[in-house]
Amino acid sequence: MQNLTVLVLEDEPFQRLVTVTALEKVLPGPILQAADGEEAIAVLDACDAVDIVLCDLKMAGMDGLAFLRHASSSGKVGAVVLCSELDPLLRQATVAMIRCLGLTFLGDLGKPFKLDGFSLLVKRYREYCNSVPRLLSPAELPTLSDLQRGLDNGEFEAYYQPKVTLEGQLLAGAEVLARWTHPQWGVLSPAHFLPVMEEHNLVDRMFWQLFEQGLALQQRLATQGRMINLAFNLHAAQLACAELAERIAVLLKRFQVPAGSVMFEITEVGVVSAPASSLENLVRLRMLGCGLAMDDFGAGYSSLDRLSELPFSQIKLDRTFTRKMQSQPKCAAIISCTVALARALGVSLVIEGVETTEQQLRLIELGGTLAQGFLFARPMPEAHFIAFCSVQAGWDR
Ligand code: C2E
Ligand code: CA
Ligand code: CA
């Protein structure tokens with residue numbers, strides 16, 4: 001088994017001894033320990049990195065909360081497990097804080113320490129490490145000239161992730177997601193290139209390439225009598241362009257795609273910060289007959305105001321609610337309220353991030369009808385997507 005470095009932050013000496021002894025029996029790597037936040041920082045300073053910090057919260061001296069803040073800026077902590085007897089609501093808020101700090105939260109063991117529970121979390125940690133794509137080092141992040149070359153060479157490709165009905169998993173359309181087939185690094189997801197693109201105002205150039213790829217697919221399928229609705233992500237900055245809606249109308253006409261088969265997804269944060277002039281574009285797109293989705297609903301702020309003002313036809317509930325639904329009853333309440341809200345506003349609701357059958361069943365109970373998530377399908381290149389549709393929509397029959 002691969003070595004893991006674990007740091008136990010626990011002020012109570014007996015608890016600490018029991019925990020460290022139990023871990024030493026089952027884990028091959030070094031088990032470090034600290035009695036308060038200051039000691040834990042010293043331990044971190046003295047080592048290269050710690051895979052998992054097992055963290056108590058309340059203690060004399062520097063407490064667990066202050067230590068976590070430090071741990072986040074050190075960049076040396078792989079993941080955090082809480083081991084505390086604090087009130088569950090406060091622990092929940094601490095979990096939110098941990099994520100906000102950019103740390104990976106593995107689980108909450110409560111107290112006293114349970115080796116079984118911890119072993120499960122270690123398994124989760126190993127799976128997590130294997131599933132996270134290798135992060136590019138700053139030296140490997142794309143440069144402006146690399147991005148421009150990629151755009152010039154048509155290396156950006158539309159991937160398609162189906163939107164399906166929760167019951168029956170019938171195909172209801174697909175979201176177009178950008179992928180960059182980099183000659184050196186292979187297929188890169190947006191996290192690797194969107195920030196640099198945003199910095200250099202290149203998102204718009206990529207959008208038009210993906211939009212044409214999507215429309216070309218719709219046109220090709222239409223000639224075979226097959227219709228598919230596609231949703232494209234629009235960056236808030238693009239809304240400032242006065243010709244946006246007109247350019248879209250021209251392309252729809254050129255590819256002979258009905259506006260009703262095209263939707264644009266705009267993140268809630270983007271919409272909240274969009275100047276009034278950009279909102280004209282949203283109205284124009286709706287006037288054309290295109291759909292408009294408020295993306296990542298619930299992840300931003302003051303969205304209800306915009307939702308009441310703007311002509312959205314779909315809400316996409318951010319996947320954090322699906323992820324937390326089972327462990328946090330409040331999230332289930334938020335989901336069923338969003339279901340009611342969408343119904344009352346007369347818009348469709350897509351619930352994002354469905355990864356398990358349990359989540360699917362619970363979401364049906366909560367009134368959800370449409371969803372997107374790895375359980376149904378991951379984003380896929382065009383040829384795979386056509387094959388997927390053929391099976392799902394019975395095109396072969
Ligand atoms: P998004 O618009 O919220 O897209 C959904 C993201 O969630 C996609 O990540 C998708 O792969 C991921 N996802 C889908 N189902 C699941 C699931 O069950 N579990 C989990 N954990 N994730 C799931 P992706 O493709 O990496 O894109 C990330 C973000 O990058 C997108 O979030 C969107 O904001 C942005 N993006 C992607 N393509 C474009 C684009 O062409 N233009 C613009 N402006 N933004 C884009
Ligand atoms: Ca989206
Ligand atoms: Ca989303």
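We count ligands from 1, going down the list as the structure has it; atoms in each ligand are counted the same way. Numbering of residues begins at 1 and proceeds along the displayed sequence. Note that the structure is predicted; figures quoted are calculated from it, not measured.
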Undergrad: Show, in sequence, the C-alpha distance, side-chain angles and deciding distance for Q161 and Q372, and conclude whether the side chain to side chain donor-acceptor pair (under 3.5 Å) test is met.
TA: CA-CA 8 Å; Q161 187 182 30; Q372 206 178 325; 2.8 Å; yes
Undergrad: With the 4.5 Å side-chain cut-off for hydrophobic clustering, are I52 and L82 part of the same group?
TA: no
Undergrad: Using a strict threshold of under 4.0 Å (side-chain N to carboxylate O), is an ion pair present between K316 and E175?
TA: yes
Undergrad: Below 4.5 Å, heavy atoms only, C-beta onward: do Q92 and M97 meet side chain to side chain?
TA: no
Undergrad: Between the side chains of T181 and E155, does any donor sit under 3.5 Å from an acceptor?
TA: no
Undergrad: Run through L27, T19, L106 and flag the one making a side chain to side chain contact (heavy atoms under 4.5 Å, CB included) with F118.
TA: L27
Undergrad: Using the rule side chain to side chain contact (heavy atoms under 4.5 Å, CB included), only one of L215, L230, L251, L288 pairs with V262; which is it?
TA: L215
Undergrad: May I ask you to establish whether R99 and F105 are in a cation-pi arrangement, using a distance under 6.0 Å from NZ or CZ to the six-membered ring centre and at most 45° from the ring axis?
TA: no
Undergrad: If you measure only the distance, is there a donor-acceptor pair under 3.5 Å linking the side chains of K163 and Q314?
TA: yes
Undergrad: Quick one: give me the number of protein N/O/S atoms under 3.0 Å from the Ca ion (ligand 2).
TA: 4
Undergrad: Show me, by chain and number, every protein residue that has a heavy-atom distance under 4.0 Å to ligand 1.
TA: Q161, E175, L177, A178, R179, P190, L194, V203, M206, L210, N233, H235, D295, D296, R319, E352, G353, V354, E355, G373, F374, P379
Undergrad: Restricting to N/O/S atoms, is D318 within less than 3.0 Å of the Ca ion (ligand 3) or not?
TA: no
Undergrad: Using 4.0 Å as the upper bound for N to carboxylate O, is an ion pair formed by D146 and R149?
TA: yes
